[in-house]
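One-based numbering along the sequence shown.
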Amino acid sequence: METKLAQEAPAPCKVESTWMTLERRIRSDGRDVVIEQQVDLKRPFVTRAEYRSKDFKRLQDETKRCFHRAGVLIEPMKRTLSSHSG
């Protein structure tokens with residue numbers, strides 16, 4: 001069944017910080033919906049002071065919004081069901 005991407009929430013997003021760059025995209029390639037997520041670590045270690053900082057808290061919030069609170073709506077391109085005779 002052919003599908004199309006009807007709506008994506010939230011829109012494709014990219015979060016950049018001094019620690020990492022995060023990116024998420026959703027696309028339809030005709031039959032499937034493809035979710036691409038990429039994480040590039042700039043600094044793999046976070047100090048305790050950095051972890052408790054406002055900047056790191058903001059990064060955590062943006063990351064959750066981007067990756068964990070996402071939904072995808074798809075709809076069939078054809079409204080008929082395939083039939084099988086056998």
Side-chain angles (χ1 to χ4, degrees):
M1 177 186 309
E2 294 289 317
T3 61
K4 73 175 183 175
L5 191 59
Q7 180 182 355
E8 180 185 349
C13 63
K14 185 173 186 176
V15 177
E16 294 189 63
S17 74
T18 58
W19 296 283
M20 64 188 81
T21 300
L22 310 159
E23 192 168 1
R24 183 186 57 82
R25 293 176 299 279
I26 297 178
R27 63 182 171 81
S28 174
D29 67 0
R31 291 190 57 83
D32 299 309
V33 173
V34 180
I35 301 172
E36 300 172 338
Q37 297 183 136
Q38 182 176 345
V39 178
D40 294 320
L41 292 178
K42 296 176 184 177
R43 294 174 44 207
F45 299 101
V46 179
T47 66
R48 185 174 303 204
E50 289 174 325
Y51 184 79
R52 293 179 178 164
S53 71
K54 288 182 182 181
D55 288 338
F56 197 79
K57 175 66 174 158
R58 188 175 329 123
L59 173 64
Q60 289 176 316
D61 292 342
E62 289 176 10
T63 302
K64 286 177 188 175
R65 187 183 74 249
C66 184
F67 286 90
H68 298 295
R69 298 179 187 161
V72 177
L73 246 108
I74 59 171
E75 63 184 36
M77 295 284 278
K78 299 177 184 176
R79 299 282 184 208
T80 61
L81 297 175
S82 62
S83 61
H84 175 71
S85 60

(message) What I'd like to find out is whether the side chain of L59 reaches to under 4.5 Å of the side chain of M20, using heavy atoms alone.
(response)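 When only atoms from C-beta onward are counted, M20 and L59 do touch, with a gap below 4.5 Å.
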(message) I'd like to know if the side chain of K42 reaches the main chain of T21, judged simply by a donor and an acceptor atom lying under 3.5 Å from each other, with no hydrogens or angles considered.
(response)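 No, the answer is negative, given that no donor and acceptor are paired below the 3.5 Å cut-off.
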(request) Please identify each residue that fulfils side-chain hydrogen bond (donor to acceptor under 3.5 Å, both in side chains) with Q38, with sequence neighbours left out. (result)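 In terms of side-chain hydrogen bond (donor to acceptor under 3.5 Å, both in side chains), with neighbours along the sequence ignored, Q38 is linked to D40.
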(message) Please enumerate all residues that pass side-chain hydrogen bond (donor to acceptor under 3.5 Å, both in side chains) together with E23, with sequence neighbours excluded.
(response)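 E23: side-chain hydrogen bond (donor to acceptor under 3.5 Å, both in side chains) contacts with R25.
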(request) Return the set of residues passing side-chain contact (heavy atoms from CB on, under 4.5 Å) with T18 (not counting sequence neighbours), or none when no residue passes. (result)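 Only R43 meet the side-chain contact (heavy atoms from CB on, under 4.5 Å) criterion with T18.
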(request) Taking side-chain contact (heavy atoms from CB on, under 4.5 Å) as the test, write out the residues that go with V46, two or more places apart. (result)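 side-chain contact (heavy atoms from CB on, under 4.5 Å) check on V46 returns W19, E50, Y51, F56.
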(request) Using the salt bridge (Lys or Arg N to Asp or Glu O under 4.0 Å) rule, take D61 and K57 through it: C-alpha gap first, then chi angles, then the decisive distance, then the call. (result) CA-CA 6 Å; D61 292 342; K57 175 66 174 158; 3.5 Å; yes
(message) Can you tell me how far apart SG (C13) and CG (L22) are? Round to the nearest 0.5 Å.
(response)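 Result: 8.0 Å between the selected atoms.
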